[in-house]
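On a predicted model such as this, the values are computed, not experimentally measured, just so you know. In what follows, every chain begins at residue 1, and chains take the letters A, B, ... in the order their sequences are listed.
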2 protein chains.
Amino acid sequence: MQRKTVGVAERPAFADTIIKGDCVAALEQLPSASIDVVFGDPPYNLQLESGLTRPDQSVVDAVDDEWDKFASFEAYDAFTRAWLLAVRRVMKPDASIWVIGSYHNIFRVGTMLQDLGFWILNDVVWRKTNPMPNFRGKRFTNAHETMIWASRNPNSRYTFNYEAMKAFNDDVQMRSDWLIPICTGSERLKDDAGHKIHPTQKPEALLARVLLASSKTGDVVLDPFFGSGTTGAVAKRLGRHYVGVEREQGYIDAATARIAAVETAPAATLELLKGKRSEPRVPFGALLERGLVTPGAILTDARGRHQARVRADGSLESGERVGSIHRVGALVQGFDACNGWTFWHVHDRGQLTLIDDLRKIVRDEMAAAGA
Amino acid sequence: MQRKTVGVAERPAFADTIIKGDCVAALEQLPSASIDVVFGDPPYNLQLESGLTRPDQSVVDAVDDEWDKFASFEAYDAFTRAWLLAVRRVMKPDASIWVIGSYHNIFRVGTMLQDLGFWILNDVVWRKTNPMPNFRGKRFTNAHETMIWASRNPNSRYTFNYEAMKAFNDDVQMRSDWLIPICTGSERLKDDAGHKIHPTQKPEALLARVLLASSKTGDVVLDPFFGSGTTGAVAKRLGRHYVGVEREQGYIDAATARIAAVETAPAATLELLKGKRSEPRVPFGALLERGLVTPGAILTDARGRHQARVRADGSLESGERVGSIHRVGALVQGFDACNGWTFWHVHDRGQLTLIDDLRKIVRDEMAAAGA
DNA sequence: CAAGCGGGTGAATCGAGAA
DNA sequence: CTTCTCGATTCACCCGCTT
């Protein structure tokens, strides 16, 4: 009997590389129809003019890089059209694309996507737990960014890991608004002097949810504005391949070193949930995003009689039993139902911590954001 | 001496009426620059092709009205351009406009707003507590809609009730994501047979927050797609005037009856919290005149690291630095700017008193005198 | 060592009014 | 038009140092 490699393509030669150069020109090096998912974080065209200071007179370190300067909306539209066309050529017919932006540019991106025949599947709102305040009290706090998720054309059979997203979100459908902190602390790349390497580094939690939702292991993910390489780091961690395009050597160097330090999660933890399920309540996935629980971690009950392994999508596995924290908790005990939050514990330096206690930490964040 | 009616315009003849007709044609009846705020809920261009059914095969009562059909994106853009231009003509120079939409149309609306020279202030996300689930399991639950808030041009001095919004939000700045339930229950207008009268009736809570944020009592609010009249009902309740444009007599009748049943809230409850900006200006010299500060007195910052002497004309001197309380405050700290009121303190019997607190005394005197 | 305090910072289209 | 002055305005989180 022959083994069929269903959905497991050969790893292409360009996989896991960063191509130096302008987005459109560099993409000509890639063959047509070779990419499974695209994540694009293009310049936002902020067009900031005067400096901004906080009430304490400290200066806000704004985005003032050359790559964010455009002469007009027309120029930005031409730029957007060009890179979207170049990206579409290398997308497989069933590939999908994500583009992130703010109100400065996202409406133009969305219009261009529609005009070029892409098919919008969702607009997804990244709600920031800790946005920068509005220092002048003249507008609402700009507390979110928008991602557009679109397929290559209206008939694409794009990947959407519905059950995995549902398990991630504690067995209710994943919504179009995601609450995730901005990239700070040790995750934020800094140079020897402690200055941030990239002005707009995205949080890995955001990319992780994007890739878990819309790609399979072994897929090739293209990021045409690679920057500090968040897409590549998360792709590698989740067992996907990446291709990056980046103009500046400094970013390429930083991203290369960053990705080299990433380890791919064990294959078993990357299996996505497939079947049907049922049960309620607050996202276990958020604990993973916050790093309070890591994929591959072992959960046990209070007396250590049962154990289960955490998978990257927030589901658990214990032997052949797979499902949400509630479902697996019920299965290992032979019960019909179980509140996973008050059943499972994590080990941390010899201590047992109830995951419900970890949830309290996240709840405080959510409460702070008005969730 | 003549009494000036500052900020209290005459109630125009068209206030609190619904004009029947097509949006663009109907707006020609209104004079230029007569509207303070616009809320537009245009057709979303949903382009649903086949009927949607739930998992139990029941039929979803979706939007399928004639007004939501457009032949192409070009046709939708032409429609959008036309009504936005008509609306802009009747907007006062300092008016602002809200447009609500979903990913089907909001990118085209946003692009057109920018192309026509409107100035986007925020995009605000209405997060639905109870959105319709995604029945097919092929996408994220569409759990939000997007509102664009824009001023007529980049230099408009639009209304934003910052302090009121902050108080509304537990004393932290109002964010760009609002969590509000969809319109259901008794608020949802239904006919005698129990069928909903309008397919996309917006919740009053949404309009209330919009109008509380961006309008003043007595303002005239235009809704060019009046529908079931939510904008009018909320405007009346909050002491604003409304003008509606609506094509269908059925909606006009329903809205008219609905608004007639609304009572305007007592004026006292409609007063908005105001910040320092709207309080009467008190020059530092007034503190000298009142004897609250005497010439020759030494002012210091909170920690006593900087000091300055008060001169008879209300200026300060600190070494060779001379100027206003603000200028000298900035100079001694090496800043470009400083609010002297919240920086300098006076010594009084061993106590440090912020000069801003002394200003409050003067303001209270002025208020008591009816100034 | 835990708790508390001070300092720093993040994709931001961030005055108003008089002269 | 421009230029100048007055003076209003910040939330969540991380890090490091002190108590």
Checklist entry - Given A:His198, which of A:Phe226, A:Phe225, A:Tyr251 fulfils the ring-ring contact (aromatic ring centres under 6.0 Å, His included) condition? => result A:Tyr251
Rounded to whole angstroms, how far apart are [atom1] on [X] and [atom2] on [N]?
| X | N | atom1 | atom2 | value |
| --- | --- | --- | --- | --- |
| A:Asn134 | C:dG15 | CG | C1' | 12 Å |
| B:Glu279 | D:dC6 | CD | P | 19 Å |
| B:Asn155 | D:dC1 | CG | C1' | 12 Å |
| B:Glu163 | C:dC14 | CD | C1' | 15 Å |
| B:Ile120 | C:dC14 | CD1 | P | 13 Å |
| B:Asn339 | D:dT5 | CG | P | 16 Å |
| B:Leu331 | D:dT5 | CG | P | 11 Å |
| B:Asp336 | D:dC4 | CG | P | 14 Å |

OP1 or OP2 of [N] under 4.0 Å from side-chain N/O of [X]:
| X | N | result |
| --- | --- | --- |
| A:Arg136 | C:dG15 | yes |
| B:Tyr162 | C:dG15 | no |
| B:Arg281 | D:dG7 | yes |
| A:Arg139 | D:dT10 | no |
| B:His326 | D:dC6 | no |
| B:Lys166 | D:dT9 | no |

Checklist entry - In this structure, are over 12 heavy atoms from other groups packed under 6.0 Å from A:Asp65 atom CG? => result yes
Checklist entry - What do you reckon, is CZ of B:Arg290 surrounded by more than 12 foreign heavy atoms closer than 6.0 Å? => result yes
Between [N] and [M], how far apart are the two [atom1] atoms, rounded to whole Å?
| N | M | atom1 | answer |
| --- | --- | --- | --- |
| D:dA8 | C:dG10 | P | 28 Å |
| D:dG7 | C:dC14 | P | 23 Å |
| C:dA12 | D:dT5 | P | 30 Å |
| C:dA11 | D:dC6 | P | 36 Å |

Next on the checklist: Just to be sure I understand the rule, does A:Thr141 reach a base, reach only the sugar-phosphate, or reach nothing, if contact means heavy atoms closer than 4.0 Å?
Outcome noted: nothing
Next on the checklist: Quick check on DNA chain D: between A:Ser186 and B:Gln173, whose nearest nucleotide comes earlier from the 5' end?
Outcome noted: B:Gln173
Next on the checklist: Assess whether a salt bridge exists between A:Glu145 and A:Lys128, defined as any Lys/Arg side-chain N lying under 4.0 Å from an Asp/Glu carboxylate O.
Outcome noted: yes
Checklist entry - Can you check whether A:Leu292 reaches A:Arg359 side chain to side chain, under 4.5 Å on heavy atoms? => result no
Checklist entry - With the sugar-phosphate defined as primed atoms, P, OP1 and OP2, and the base as all remaining atoms, what B/S/- string results for nucleotides 5-12 of chain C, 5' to 3', for protein heavy atoms under 4.0 Å? => result ----BBBB
Item to check | side-chain contact (heavy atoms from CB on, under 4.5 Å), paired with B:Phe343, selected from B:Val332, B:Leu354, B:Leu299, B:Ile325 | outcome: B:Val332
Next on the checklist: Walk me through whether A:Glu66 and A:Arg247 qualify under salt bridge (charged side-chain N to carboxylate O under 4.0 Å, His left out).
Outcome noted: CA-CA 12 Å; A:Glu66 273 306 311; A:Arg247 296 194 306 186; over 6 Å; no
Checklist entry - Does B:Trp178 have its ring centroid less than 6.0 Å away from the ring centroid of A:Phe140? => result yes
Checklist entry - Under 6.0 Å between the ring centres of B:Trp149 and B:Phe160? => result yes
Checklist outcome for this item: Parsed dot-bracket for DNA chain C after applying the Watson-Crick and G-U rules with both distances under 3.5 Å and | for other-strand partners is .|||||||||....|||||
Item to check | Value rounded to 0.5 Å, distance of OH in A:Tyr44 from CG in A:Asp68 | outcome: 9.5 Å
